[in-house]
Undergrad: 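Quick one: the structure is below, questions incoming.
Side-chain atoms are counted along with the backbone in the values below, which use heavy atoms only and exclude waters and symmetry mates. Here is the naming used below: chain letters follow the sequence lines, and residue numbers restart at 1 for every chain.
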Amino acid sequence: MTRATLQALLSHWWRNPLQLFTLLAGLALATALWSGVQAVNAEARASYRAAAATLGEGQYDRLGRRDGQPMDQATYITLRRAGWLVSPVVQGRLNGVRIVGIDPLTAPAGIGPVRLTQGADIADFLVGNGPLFANAATAGRLPDLQITITPDIAPGSAITDIGAAQRLLGKPGQIDSLIVAPVQPRERPDLADIAPQLVRQSAQGGSDIGRLTDSFHLNLTAFGLLSFAVGIFIVNGAIGLAFEQRRPVVRTLRALGLPLRRLIVLMAAELMFFALIAGGVGVMLGYVIAALLLPDVAATLRGLYGADVSGTLQLRPVWWLSGLAIALGGTAIAASGALWKMSRMPLLASAQPRALAMAAGQGAVMQGAAAALLLVIALILALTADGLIAGFALLGALLIGAALALPIILDRVLAATSARAKSITAQWFWADTRQQLPGLSLALMALLLAMAANVGVSTMVSSFRLTFTAFLDQRLASELYVSAQDATQAQAIIAYATPRVDAVLPIQSVETQIAGLQTEVFGARDHRTYRDNWTFLNAAPDLWDTTFAGQTILINEQLSRRANLRIGDTVPLQSQTLTIAGVYGDYGNPIGQALISEDLFAGLYPTVTPQRFGLRMDRSKVGDFVTRMAADIGIPASQTINQAGIKAFSLGVFDRTFTVTTALNVLTLAVAGFAILMSLLTLASMRVPQLAPAWAMGMTRAQLGRLELLRAVLLAMLTASLALPLGLGLAWALLAVVNVAAFGWQLPMYLFPADYARLGLFALIAAALAALWPAWRLARTPPADLLKVFSNER
Amino acid sequence: MLLTVQDIHKSYATADGPFAVLRGIDLTLGAGETLALTGESGSGKSTLLHLIGGLDTPDRGQIIINGSDIAALDDNGRAHLRRGTVGVVFQQFNLIPSLKVADNIAFQARLANQYDPAWTATLTDRMGLTSQLGKYPEQLSGGQQQRVAIARTLAPKPRLVLADEPTGNLDEGTAAIVMDLMLELVRETGAGLLMVTHSAALAARLGRRLHLRAGQVA
Ligand SMILES: Nc1ncnc2c1ncn2[C@@H]1O[C@H](COP(=O)(O)OP(=O)(O)O)[C@@H](O)[C@H]1O
Ligand SMILES: [Mg+2]
């Protein structure tokens, strides 16, 4: 019996291969969207981690020669003998691969692959026979060498012990830099005394620009979550379609006496089998999508970290599993609902659209109540939420509440429009559209979420870009920044630069505590650079006058939020008590910051002298100045930062982020469009009895087809117009709640109407494309099929 | 002559090749005349009715309504014909499920721009539907639904009314009432009526009778 039943169930698909294709394609697309976003996300993180671990850059201070040349072994030995905990590094390129040689015995933990510093291989390593560690792709570029494949090594890099690296690179006895362990013995001689030719370079961690990644990842994570939601809706649509289409087969099988339970088990097994196949295809598809996107992600990260990040993907088991899990899990959820419905359906029930709509009407009351409850929760959370969990709860309540409310709102809108319609065709069109809602609502919810996600994430990324570039203008207002190694150099810089540039602005700071929080206090010179460029979240009148007069203090948002300090509050600083005159945005800074006048600073911290300087000059003269300064007083270009370069670089990073975001935008909308297509196909079989009377009474099939297309576009338009406020709410929640909870600072929200208009257009195009084929099919329905509706043989 | 049918042929494509349903049908019907179309099940009655109603196209032959040949019409032309000139009542599923009874009754007349509120009100009243106007079709009984269908067909005052076993799905008592109403109202509009029926009694109430057998007039 089982065999015969399976044959009957499966034969449906062989006779209707197109339906099988839509089922598999729906499942595969949902999986692809999810796993594609996950792949990009995971790869970006993994690459970053690998890069950080391999190079140890940004984690530790380093020593290198002032002139940038390699040092000899003797310098290293001198430092070790004197008690400095340093570890040698040599690096160079071989066949385009970056070879890094380290000393596993002295290197701080976290540098190099774990196995390399864990004992077993160390003997080999010590005698200079250590193997090379690299990932598989890199190994392919070094065919002549024996390589241990280690996936965790950053792409394009290979690690080995320093002896082997010196041999490979032809740098015998040479060391490029020394890694300084974070904890050093107290009693050790000054660097200037034992190795004056070396300079210490600070770790890069915690730099403002490095913080960009956090936002970048938050952006991708938000997309991942939303694509998951969209994917679930689509799987649901695909399964619903599969059940609807096979209702006659099921009816016949049951009428022939097949037990319901056996039928349910067989159908569930069949669907899980399909889900497995489609899930596999979906993961591969997601892989392709991710591979297409990844060059931009990789470029972004390369820009951020200066590290080689692979532009190619590895197929990680995690994606396989999570991709298959969403296909199987989504199918299970969707199928259990459909199977439940089937088990409660009277044996001979036929498609009765109005009855369906009426049943949906009863459910609508429950759905409306749930939607209202969730939206009220979202509102309360919006007013009170602080903390990451509350922030994500807000996002969840907002999205699900809005999705549930969508069909109800659309129903009300359509009822109102239908009542106001003038011509009978229009009246029928609106009423008929309203009748289709229950069947289309899942797909429209998917469209709502996709569109809202796109509006939200675009707003977030674009707001971030605007804010951050404005912030760069403020913080990097000077055309050139020069750092001094010591006080003598600082004096030399002041003496050299003062007559040659418009202004020399000393940058000096101390770390101290304000209101119990770690805070960096800066002393600033009275100059229009500050007055012209700085913008404030909250400002007292004449704040620059009072601050430069030494009466007031300006603090950053982080300090203001964490210590609950506002304008007019006073804070003690050494012997002084200062009134807060302004709060400024300080994006990306993890700690508190405050600014007082140069004179006051000198009085409070007499031992601190400025080591960095901002130089104001004509932008076009920066290059010349740097070259001459190196020649005249020996300050190398490596000690200067060109503001224009940083800005161009940051904007480049943003542009690549946008490419990724735009690609994901298009992708989610395309998938939502597919959900609409599947819903329309599900409804198609029910449509003929609904449309045949209208046709018989004098409407043409072409007219009906056109109206069908118009309906999809209008529904998409209504949905998009609801998605816009939802997306903005989402962006607000991300910027004002989640970001504050995660990073301690709020991003101001800007609106981008042109972007929204473009997204709305994409949504309409997606809906129109989805409806095109069903509408075309409808317009070409043979009259005989329409006439069958009326015949008594039915 | 309101309707002239000449040498109509129609066959359907089936798995075993073309299957000829109508093999040369001729008939005429004048305004105000009533004609019963009888025949065994499968003899092609519905097929003929559909061709005359502009719902399908014949393979060969002429169907002339009011002097113009409808076989020559395109999709638009046939839709125009269905809207204003010819009204069809089917055995079942006549109504638009998403529209209320009142809108169903007015639908065809408004579509044809031949909506006459007074006449529609008369029809509604005579059909006993006044209290049902705010309901949806599925809330009505089968007999009520067919009354709505008849009212809807007559609302634009078509010149030719076609009915395909309009009471075939109703119980005897209801069928009799509905049929009486229909014949009465059609007579008042002065339209020609072509009705498919397998009831000899019913056929006897109409002016003429035409029997189909094996695709031909017997
Ligand atoms: N669309 C169609 N395709 C194939 N055969 C059809 C189609 N419609 C009707 N037929 C066949 O044509 C014959 C006449 O049908 P019909 O006109 O409905 O007969 P009646 O109304 O007299 O019972 C029947 O044998 C029927 O099976
Ligand atoms: Mg028939």
Undergrad: Taking atom CD of B:Gln216 as the centre, report whether more than 12 heavy atoms of other residues, nucleotides or ligands fall under 6.0 Å from it.
TA: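 Yes.
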Undergrad: Could you report the tightest heavy-atom contact between B:Leu99 and A:Ala431, atom names first, then the distance?
TA: CD2-CB, 3.8 Å
Undergrad: Can you tell me if CZ on B:Arg126 sees more than 12 non-hydrogen neighbours from other groups inside 6.0 Å?
TA: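 More than 12 heavy atoms, drawn from other residues, nucleotides or ligands, come within 6.0 Å of this atom.
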Undergrad: Of the backbone (N, CA, C, O) and the side chain (C-beta and beyond), which part of B:Leu95 lies under 4.5 Å from a heavy atom of chain A, both, or neither?
TA: backbone
Undergrad: Just how far is it from atom OG of B:Ser98 to atom CD of A:Gln427, taken to the nearest 0.5 Å?
TA: 10.0 Å
Undergrad: Is the count of non-hydrogen atoms from other residues, nucleotides or ligands lying under 6.0 Å from A:Phe21 atom CZ greater than 12?
TA: no
Undergrad: Just how far is it from atom CZ of A:Phe790 to atom CD of B:Gln91, taken to the nearest 0.5 Å?
TA: 12.0 Å
Undergrad: With a strict 4.5 Å heavy-atom criterion, list every residue of residues 405-424 of chain A that contacts chain B, or say none.
TA: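 Contacts with chain B: A:Lys422, A:Ser423, A:Ile424.
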Undergrad: Could you tell me which of B:Asp56, B:Leu55, B:Val86 has the largest number of non-hydrogen atom pairs under 4.5 Å with chain A?
TA: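 Of B:Asp56, B:Leu55, B:Val86, B:Leu55 has the most heavy-atom pairs under 4.5 Å with chain A.
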Undergrad: Can you tell me if B:His211 has over 12 outside heavy atoms packed within less than 6.0 Å of its NE2?
TA: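 Enclosed.
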Undergrad: Mind ranking A:Asp432, A:Leu786, A:Thr433, A:Thr425 by heavy-atom pairs under 4.5 Å with chain B and telling me who comes out on top?
TA: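 When all of A:Asp432, A:Leu786, A:Thr433, A:Thr425 are compared, A:Asp432 has the most.
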Undergrad: Testing the basics here: between A:Leu787 and B:Phe90, what is the closest heavy-atom pair and its distance to 0.1 Å?
TA: CD2-CE2, 4.5 Å
Undergrad: Please report the shortest heavy-atom distance between B:Pro97 and A:Gln690, naming the atom on each side.
TA: CG-CG, 3.8 Å
Undergrad: Just say parallel, tilted or perpendicular for the rings of B:Phe107 and A:Trp428, cut-offs at 30° and 60°.
TA: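 Ring orientation of B:Phe107 relative to A:Trp428: perpendicular.
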Undergrad: Shorter than 4.5 Å, heavy atoms on both sides: which option in B:Lys100, B:Arg78, B:Arg152 has the most such pairs with chain A?
TA: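 Top option by heavy-atom pairs under 4.5 Å: B:Arg152.
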Undergrad: Let me check something: any side-chain donor-acceptor pairs from residues 693-706 of chain A under 3.5 Å, sequence neighbours excluded? List them with distances.
TA:
residue: A:Thr700; atom: OG1; partner: A:Gln703; partner atom: N; Å: 3.1
residue: A:Arg701; atom: NH1; partner: A:Thr781; partner atom: O; Å: 2.7
residue: A:Arg701; atom: NH2; partner: B:Asp75; partner atom: OD1; Å: 3.2
residue: A:Arg701; atom: NH2; partner: B:Asp75; partner atom: OD2; Å: 3.2
residue: A:Gln703; atom: OE1; partner: A:Thr700; partner atom: N; Å: 3.3

